[in-house]
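All of these numbers come straight from a predicted model, not from anything done at the bench. Within every chain, numbering begins at 1; the chains are lettered A, B, ... in the order of the sequence lines, protein sequences first and strands thereafter.
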2 protein chains.
Amino acid sequence: MTKKKAGKDAPALPRNSIIDGDCIDVMNSLPEGSVDLIFADPPYNLQLRGDLHRPDNSKVDAVDNDWDQFESFKIYDEFTRAWLSAARRILKPDGAIWVIGSYHNVFRMGAELQNQGFWILNDVVWRKSNPMPNFRGKRLTNAHETLIWAGKTEKSKYTFNYEALKSLNEGTQMRSDWVLPICTGHERLKNEAGDKAHPTQKPESLLHRVLLATTNPGDVVLDPFFGTGTTGAVAKMLGRDYIGIEREAEYRAVAAKRLANVRKIEADALEVTQSKRAEPRVPFGQVVERGMLRPGEELWSINGRHKAKVRADGSLIGADAKGSIHQVGAACENAPSCNGWTYWHYRRDGKKVPIDLLRQQIRSEMRAN
Amino acid sequence: MTKKKAGKDAPALPRNSIIDGDCIDVMNSLPEGSVDLIFADPPYNLQLRGDLHRPDNSKVDAVDNDWDQFESFKIYDEFTRAWLSAARRILKPDGAIWVIGSYHNVFRMGAELQNQGFWILNDVVWRKSNPMPNFRGKRLTNAHETLIWAGKTEKSKYTFNYEALKSLNEGTQMRSDWVLPICTGHERLKNEAGDKAHPTQKPESLLHRVLLATTNPGDVVLDPFFGTGTTGAVAKMLGRDYIGIEREAEYRAVAAKRLANVRKIEADALEVTQSKRAEPRVPFGQVVERGMLRPGEELWSINGRHKAKVRADGSLIGADAKGSIHQVGAACENAPSCNGWTYWHYRRDGKKVPIDLLRQQIRSEMRAN
DNA sequence: CGGGTAATTGAATCGGATA
DNA sequence: CTATCCGATTCAATTACCC
């Protein structure tokens, strides 16, 4: 009989399977110290009040599932403590965990990770390239989610494939902010009725980066909130073993079907070609924020016939119009449109300088990283 | 004895000054409910070791081997609880707070904000365009810090200059991820020895965006960890009043010198793009009263599919409904609500004109008095 | 099949004044 | 406190539809 770390009733690790049940119970039944990586996307505990409509009067399909309802922060904290503790037990000593959340829950998860002795390695920001806007104009567009990457302990010799991520990032060090689109189109799984199969399906690109960065082929990746199985699909594709835990039969069915169709990809095909980065858009407001032009300063038109004053919010106020550098320029010239960047000039040392020079300066700083 | 909100020893609010002392003591001495906005950049865990006392008042030794991680968090949490509680007391009912931190402390601050009843409005990622690289290649480049923006309570009617931020972003609404460079160059304050005057000086561009977004001219902005006074400098420049609390004499001296040299920008450059919500309300009945539309005249929906007749009391009567311009519009579109001003059009010279034009005319007459 | 336009949709803590 | 009414408010990406 082989020596094993778990109690005698602990089953062998059920690699590449989807387990039915509550994730805390299931994890407690698995052998201690047996999993290389855990990726967890738990309920966010959104506290939505009424309905929300878009400006075109269509209704936003909210996440109102029972599994996201908690009575209080205290109840949510107890839930977090329980599943994180169960997750920690089954991690190998050099194992690591990723959790993802929004401001509703991520601070509580992060604090509890620290309380339990996990060692935070990075927090990572998933910057969504196409987030849902803020329809009422009452807050900032909620354009990101936060991931936390933590080792089981401070001493854990965690896996980090530095070079792989560097090449993913066109040869420069991967940063803690990742720009990736949300999961839409064909990748978004639908049920028979044609509706989304799961309200919060994550994009495969996100898991691809996580698993490429922090696991090796053959590693065991466990996801306690498996949903429709994005973690499993990417793990299988990348030659890692997965274990999914999911208590909703409907999600398990979708995930099982999905996983059956996933092909492991060849090692040489793993290299991903990143799309070329477009020249970053620079709003004129940044020129003001950065103090390159001062609110109240005057700009002159390229022909010298018009002037306008810079305001603190990056808008201009001219003789007859106020608005963006483009709008006010167009109004001055009585033209349908105008490139404000080349139209407006400021004075330095008696010379007229196009504001586009300031934009170029910002862009070169951005490129320099 | 008159009833007042602050304790009897509470002084008047010391606007535009830098106060010497521990921020918890100082805030507790200020009048309750008197501050519009708090911006706080508290010290991190590690930096506190030499400065903090344990709950039993024994001094924490920086090189104390008994200092374990758990106790470190416990003491940091007590510190966070104390200063956040003091901050909350002096906020106006509709006040708000910003805190900034990294993964070392921001999760604990966020959780405590929620525990105390602050209502998180957004978490904001300051994405550094020029971060320090991770030299050892063991983790991701730590390229961001996290800010949390929270109202004093869920019900607080917080200030948010939506249009101004939209303007800063050249016409599209501002997102929760902000790309701004770190504080370097001539903006970075140096001491006599030529070293940086403060280890974590924040860029003015960051404060510019925060204050432009969530305060109005004349508001009181308090910073309990004032450091070299970036919050005060930007507040003064933008015509807001500041209160800085700082216990290190060296930082206070640098901040005082800095603030003396800050010029407030002119009032007209401070004006910011206004929301339509600020415009005075015009009842549709005024349009009829003033004879701009005659009772009996027909209006057409924006899509041309519905019509309705104007009645003498400023209500409409359509095919299936009667009532206000908004109610009849909503009924026509089978929508939960409708802005009748932009929905309904009248005919002049064969052209369809939105009735909102008539409202604008009335408003401009009101402005002219 | 192509090209252009319209429609759909996404982890959302999304009013405020007046009676 | 609740109920009612006015009226302000969206970005990127994909898919569907039409000619």
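Nearest nucleotide to the side chain of Lys138(A), out of dA11(C), dA12(C), dG16(C): dG16(C).
Base pairing of dA8(D) is not made with any nucleotide, judged by Watson-Crick or G-U wobble geometry with both donor-acceptor distances under 3.5 Å. Pairing for dT13(C) is absent, judged as Watson-Crick or G-U wobble with the two contacts each under 3.5 Å. The base-pairing partner of dC18(D), taking Watson-Crick or G-U wobble contacts with both distances under 3.5 Å, is dG3(C). Across all strands shown, dA3(D) forms a Watson-Crick or G-U wobble pair with dT18(C), both key distances being under 3.5 Å. Nucleotide dT8(C) forms a Watson-Crick or G-U wobble pair with dA13(D), both donor-acceptor distances falling under 3.5 Å.
Contacts between residues 297-329 of chain B and DNA chain D, counted as heavy-atom distances below 4.0 Å, involve Ser324(B), His326(B), Gln327(B).
Rounded to an integer number of Å, the gap from CG of Asp61(A) to P of dT8(C) is 14 Å. The CG atom of Leu140(A) sits 12 Å away from the C1' atom of dC14(C) (whole-angstrom rounding). Summarising the geometry, the separation between CG on Leu189(A) and C1' on dG10(C) is reported as 15 Å, rounded to the nearest angstrom. Protein atom CD of Gln69(A) is 17 Å distant from nucleotide atom P of dA11(C), rounded to whole Å. The interatomic distance linking Arg136(A) (CZ) with dG16(C) (P) rounds to 9 Å, in whole Å. Remark: P of dC14(C) and CD of Gln47(A) are 10 Å apart, rounded to the nearest angstrom. Atom P of nucleotide dC14(C) and atom CD of Gln173(B) are separated by 15 Å, given to the nearest angstrom. Here dG10(C) presents its C1' atom at 16 Å from NE2 of His53(A), a figure rounded to the nearest Å.
Within 4.0 Å of Arg359(B), counting heavy atoms only, lie sugar-phosphate atoms of the nucleic acid but no base atom. Across all strands, Glu163(B) comes closer than 4.0 Å only to sugar-phosphate atoms, never to a base (heavy-atom distances). Within 4.0 Å of Thr342(B), counting heavy atoms only, lies no atom of the nucleic acid at all. Using a 4.0 Å heavy-atom distance criterion, Asp68(A) is classed as a base contact. Nucleic acid contact for Gly50(A): base, since at least one base atom lies under 4.0 Å from a heavy atom of the residue. Contact annotation for Arg54(A): base contact, defined as any heavy-atom pair under 4.0 Å involving a base atom. Pro42(A) comes within 4.0 angstrom of a base, heavy atoms only. Among the heavy atoms of the strands lying under 4.0 Å from Pro131(A) is at least one base atom, whether or not backbone atoms are also near. Nucleic acid contact for Lys59(A): none, since no nucleic acid atom lies under 4.0 Å from a heavy atom of the residue. Base contact: Asp41(A) has a heavy atom under 4.0 Å from a base atom. Heavy atoms of Ser275(B) sit under 4.0 angstrom from primed sugar atoms or phosphate atoms, though from no base atom.
When each of Phe39(B), Trp149(B), Phe118(B), Trp126(B) is tested with Trp98(B) by the rule ring-ring contact (aromatic ring centres under 6.0 Å, His included), just one qualifies, namely Trp149(B).
Of the N and O atoms on the side chains of Asn115(B) and Arg108(A), at least one donor lies less than 3.5 Å from an acceptor on the other residue. No hydrogens or angles considered: a donor-acceptor pair under 3.5 Å links the side chains of Asp123(A) and His144(B). Judged purely by distance below 3.5 Å, without hydrogens or angles, the side chains of Ser102(A) and His104(A) pair a donor atom with an acceptor atom.
Distances shorter than 4.0 Å separate some side-chain N or O of Arg188(A) from OP1 or OP2 on dA11(C). An OP1 or OP2 oxygen of dG16(C) is reached within less than 4.0 angstrom by no side-chain nitrogen or oxygen of Lys157(B).
Across the C1' atoms, dA7(C) and dT10(D) are found 15 Å apart, a figure rounded to whole Å. Look at the C1' atom in both dC19(D) and dC1(C): the space between them is 12 Å, to the nearest Å. Taking atom P on both nucleotides, dA12(D) is separated from dC14(C) by 23 Å, rounded to a whole Å. dA11(C) and dA8(D) are spaced 25 Å apart, taking the C1' atom of each and rounding to whole Å.
When atom types are taken as modelled, the side chain of Asn57(A) and the backbone of Cys338(B) share no donor-acceptor pair closer than 3.5 angstrom.
Between Asp56(A) and Arg54(A) no salt bridge is recorded (no basic side-chain N to carboxylate O distance below 4.0 Å). Note on Asp77(A) versus Lys74(A): no salt bridge recorded, every NZ/NE/NH1/NH2 to OD/OE distance being 4.0 Å or above.
By the 30° and 60° cut-offs, the orientation of the rings of Tyr76(A) relative to Phe70(A) is perpendicular.
Using a 4.0 Å cutoff to heavy atoms of chain A, the contacted part of DNA chain D runs 5' to 3' from dG7(D) to dT15(D).
Within a 6.0 Å sphere centred on CZ of Arg49(A), heavy atoms belonging to other residues, nucleotides or ligands number more than 12. Within 6.0 Å of NZ in Lys352(B) there are more than 12 heavy atoms belonging to other residues, nucleotides or ligands.
For Gly137(A) and Cys183(A), each mapped to the nucleotide of DNA chain C holding its nearest heavy atom, the one lying further toward the 5' end belongs to Cys183(A). Between Pro55(A) and Thr184(A), the residue anchored nearer the 5' end of DNA chain D, judged by the nucleotide with its closest heavy atom, is Pro55(A). Residue-to-nucleotide proximity on DNA chain C shows that, of Asp56(A) and Asn134(A), the 5′-proximal contact is made by Asp56(A). If Phe135(A) and Asn130(A) are placed on DNA chain D by their nearest nucleotide, the residue sitting closer to the 5' end is Phe135(A).
What you find for Leu37(B) and Ile97(B) is that their closest heavy atoms are CD1-N, 4.4 Å.
Under the 6.0 Å cut-off for aromatic ring centres, Tyr158(B) and Trp119(B) do not qualify, their centroids lying 6.0 Å or more apart.
By the rule that a glycosidic angle within 90° of 0 means syn, dT13(C) counts as syn.
Here the side chains of Ser315(A) and Lys322(A) are not in contact, with every heavy-atom distance at 4.5 Å or above.
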